[in-house]
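For reference, the structure is listed below as structure tokens.
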Amino acid sequence: MKNHKDLYVITLAFFGLSFVNIHFALLGLLCMFLPMYLLKRDTKKTWCQGYCPRSSLYMTLGKKRKKKGLPTPLSFIKGNLKNVVLGYFFISLTIALLSTIQVVRGAMAPMLIPRFLILIPITLPFPQLFTLSAAPLWLTHFAFRLFSMMMTTTLLGLTLSYVYKPRTWCTICPINTVSDLYILDQKSKTFQPAKNKAS
Ligand code: SF4
């Protein structure tokens, strides 16, 4: 199965719609749940192989490049970098969830700006075509946190695709790492009874 070439439009639409209204960034949750649902259903990387809009963006931009990118460093494929990025993803998601709970409880003010790599606030004016005044502030806070995660990983992926091969981000993408771990675990469970039978 090949990644559909036009799916990059969804990535562009995600950022475009977030600038129309930040609550559209909540759609970013689909990019986390759909790959996991398909992984559990098929026990293979169905999302990565055929439906990922981000990978489609990297491939589309990669094809337009004149210069050939550098080969992907070995540390991306075999080193600990995958685990570092996976750790970053879980820390980022945990902060997003816990800070949202704190906002709901009134123990913290909502953070209504994006942040790059959790730590760097983007203080530039954030364009919004319309605002949803009825939306609770905790939801707006959570939408900004999801936008920050999507923005950070997309910018990192774009930088990598510019320096190296178009899909270099995929080698360290948390979805890929989790998928590898899940598939390995399922395979070991499948082989376990056969092994026991043989012995
Ligand atoms: S590894 Fe990540 S970026 Fe690459 S195709 Fe899979 S989900 Fe998309």
Side-chain angles (χ1 to χ4, degrees), residues 1-18 24-65 68-97 114-118 142-143 145-187:
M1 192 179 353
K2 287 234 161 86
N3 197 299
H4 198 284
K5 61 181 170 51
D6 295 329
L7 287 174
Y8 70 90
V9 174
I10 297 177
T11 305
L12 300 181
F14 171 83
F15 289 104
L17 286 171
S18 298
F24 279 113
L26 296 168
L27 292 171
L29 285 173
L30 288 176
C31 281
M32 297 178 200
F33 289 118
L34 278 178
M36 293 300 112
Y37 166 74
L38 293 171
L39 174 68
K40 193 150 177 15
R41 193 192 68 179
D42 305 338
T43 324
K44 64 178 188 176
K45 299 176 191 174
T46 305
W47 174 264
C48 297
Q49 289 164 357
Y51 301 108
C52 178
R54 208 185 297 211
S55 143
S56 166
L57 178 69
Y58 301 150
M59 289 303 286
T60 306
L61 291 178
K63 273 183 203 153
K64 296 196 186 304
R65 275 173 56 173
K68 221 175 152 200
L70 297 170
T72 307
L74 209 59
S75 59
F76 280 51
I77 302 161
K78 291 196 168 158
N80 265 335
L81 196 58
K82 285 170 192 273
N83 296 332
V84 172
V85 178
L86 185 63
Y88 159 78
F89 174 77
F90 278 117
I91 289 170
S92 195
L93 191 60
T94 306
I95 290 176
L97 291 170
R115 279 177 176 252
F116 181 68
L117 281 172
I118 309 174
F142 188 54
R145 305 292 49 86
L146 279 179
F147 179 87
S148 303
M149 288 176 73
M150 296 291 284
M151 174 192 71
T152 301
T153 50
T154 305
L155 287 178
L156 290 177
L158 283 173
T159 309
L160 291 176
S161 74
Y162 183 75
V163 178
Y164 303 107
K165 291 187 175 156
R167 285 188 69 182
T168 298
W169 167 255
C170 293
T171 57
I172 52 169
C173 172
I175 299 288
N176 191 28
T177 309
V178 168
S179 302
D180 280 341
L181 291 172
Y182 180 79
I183 293 167
L184 210 66
D185 183 57
Q186 292 303 304
K187 275 189 184 159

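As the structure lists them, so they are numbered: ligands from 1, and atoms in each ligand from 1. Positions are given from 1, in the same order as the sequence printed here.
Counting atoms of ligand 1 from 1 in the listed order, those under 4.0 Å from a heavy atom of W47 are 7 (S). With ligand atoms numbered from 1 in the order given, ligand 1 contributes 5 (S) to contacts under 4.0 Å with heavy atoms of S55. Near N176, meaning under 4.0 Å from one of its heavy atoms, ligand 1 places the atoms 1 (S). If you number the atoms of ligand 1 from 1 as listed, the ones under 4.0 Å from a heavy atom of W169 come out as 3 (S). Counting the atoms of ligand 1 from 1 in the order shown, those under 4.0 Å from a heavy atom of C52 are 3 (S), 5 (S), 7 (S), 8 (Fe).
Counting heavy atoms from C-beta on, the side chains of L156 and F116 come closer than 4.5 Å.
One finds the CD1 atom of I175 at 7.5 Å from the CE atom of M32 (value rounded to the nearest 0.5 Å). Note that CG of L93 is 10.5 Å distant from OH of Y88, once rounded to the nearest 0.5 Å.
Side-chain atoms of S148 do not come within 3.5 Å of backbone N or O of P114 as any donor-acceptor pair.
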Problem set entry | Stepwise side chain to side chain donor-acceptor pair (under 3.5 Å) check, T11 with R54 | CA-CA 6 Å; T11 305; R54 208 185 297 211; 6.0 Å; no
Problem set entry | Verdict with supporting geometry, M151 and R115, side chain to side chain contact (heavy atoms under 4.5 Å, CB included) | CA-CA 9 Å; M151 174 192 71; R115 279 177 176 252; over 6 Å; no
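A distance below 6.0 Å separates the ring centres of F15 and F147.
For atom 2 (Fe) of ligand 1, the set of nearby N, O or S atoms under 2.8 Å includes one belonging to C173. When distances to atom 4 (Fe) of ligand 1 are checked against a cut-off of 2.8 Å, C48 contributes no N, O or S atom below that limit.
Of the options R167, M32, R54, the smallest heavy-atom separation from atom 5 (S) of ligand 1 is shown by R167.
At a 4.0 Å heavy-atom cut-off, ligand 1 touches C170 through backbone and side chain alike. Here Y58 has no heavy atoms under 4.0 Å from ligand 1, in either its backbone or its side chain.
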